[in-house]
Amino acid sequence: MFYQLLAYVVFGAHLAFILVAPFGGIAALRWPRIIWLHIPVAAWGVVVSFANWTCPLTPLEVFFLRAAGNKGYESGFLEHYVFPAVNFGSAHPRLMELAAGAFVLLANVVIYATLLKLRHAGRAV
């Protein structure tokens with residue numbers, strides 16, 4: 001039971017990280033001080049996706065799942081949970097991972113360009 005709980009905690013942290021990477025910059029429009037936390041999170045998300053690295057949270061979650069008596073999974077977090085949930089069908093997982101990295105990068109370019117434009121226009125953000 002304890003290991004299952006730890007697996008859920010790691011899953012939640014991983015999911016939060018995946019949501020903050022592309023969309024955390026929106027919060028920076030309201031609270032600019034979180035930029036210093038968000039930019040490294042977004043950069044890590046982009047690098048992990050483009051470089052085909054395994055996020056350390058994935059093997060940690062799998063370890064806890066297996067310690068709890070579950071099967072675990074062999075693929076990455078996105079491939080195991082996210083891609084099936086949004087039903088990308090027969091799309092190649094690596095291509096989808098690259099698309100996810102590009103989405104994080106593009107979303108943050110748009111968000112931070114908006115932030116800079118608002119600051120340049122003299123609007124308090």
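Start at 1 with the first residue, then count along the sequence.
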**Q.** Test log, rule side-chain contact (heavy atoms from CB on, under 4.5 Å), inputs M96 and L78
**A.** CA-CA 9 Å; M96 295 312 304; L78 290 176; over 6 Å; no

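- Side chains of Y73 and L65 form a contact here, defined as non-hydrogen atoms less than 4.5 Å apart.
- For the atom pair CD1 of I111 and CD1 of I26, the computed distance is 4.0 Å after rounding to the nearest 0.5 Å.
- Listed here is the closest heavy atom pair of F50 and L98: CE2-O, 3.5 Å.
- Taking hydrophobic clusters as Ile, Leu, Val, Met, Phe, Trp and Tyr residues chained together by side-chain heavy-atom distances below 4.5 Å, F63 shares a cluster with F2.
- A continuous path of hydrophobic side-chain contacts links F17 to W53 [ILVMFWY only; heavy atoms under 4.5 Å].
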Q: Apply the test side-chain contact (heavy atoms from CB on, under 4.5 Å) to residues I35 and L115: give CA-CA distance (whole Å), side-chain angles for both, the deciding distance (0.1 Å), then the verdict.
A: CA-CA 11 Å; I35 290 171; L115 181 65; 3.4 Å; yes

Q.
Run the side-chain contact (heavy atoms from CB on, under 4.5 Å) test on L6 and Y3 for me, step by step, so that the C-alpha distance in whole Å, both residues' side-chain angles and the decisive distance to 0.1 Å come before the verdict.
A. CA-CA 5 Å; L6 290 175; Y3 287 115; 4.3 Å; yes

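- Of all the heavy atoms in I34 and A28, the pair that sits closest is CD1-N, 3.7 Å.
- A single hydrophobic cluster is not seen to contain both V62 and V9; linkage of ILVMFWY side chains at heavy-atom distances under 4.5 Å, directly or through other members, places them apart.
- Residues F77 and F83 fall within the same hydrophobic cluster, defined by Ile, Leu, Val, Met, Phe, Trp and Tyr side chains chained together at heavy-atom separations under 4.5 Å.
- The OH atom of Y8 sits 14.5 Å away from atom CZ of F64, with the distance rounded to the nearest 0.5 Å.
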Q. Can Y112 and I39 be said to form a side-chain contact (heavy atoms from CB on, under 4.5 Å), step by step?
A. CA-CA 10 Å; Y112 283 106; I39 288 177; 3.9 Å; yes

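- Pairing each heavy atom of V10 with each of L57, the nearest pair is CG1-O, 3.4 Å.
- We find the CD-OG1 distance between E74 and T58 to be 12.0 Å, quoted to the nearest 0.5 Å.
- Of all heavy-atom pairs between A21 and A42, the closest is O-CB, 3.5 Å.
- Minimum interatomic distance between V20 and H38 (heavy atoms only, all atoms of both residues): O-NE2, 3.0 Å.
- Closest approach of P56 to W44, counting heavy atoms only: CD-CZ2, 3.7 Å.
- Once rounded to the nearest 0.5 Å, the distance linking CZ of F11 with CG of L60 reads 14.0 Å.
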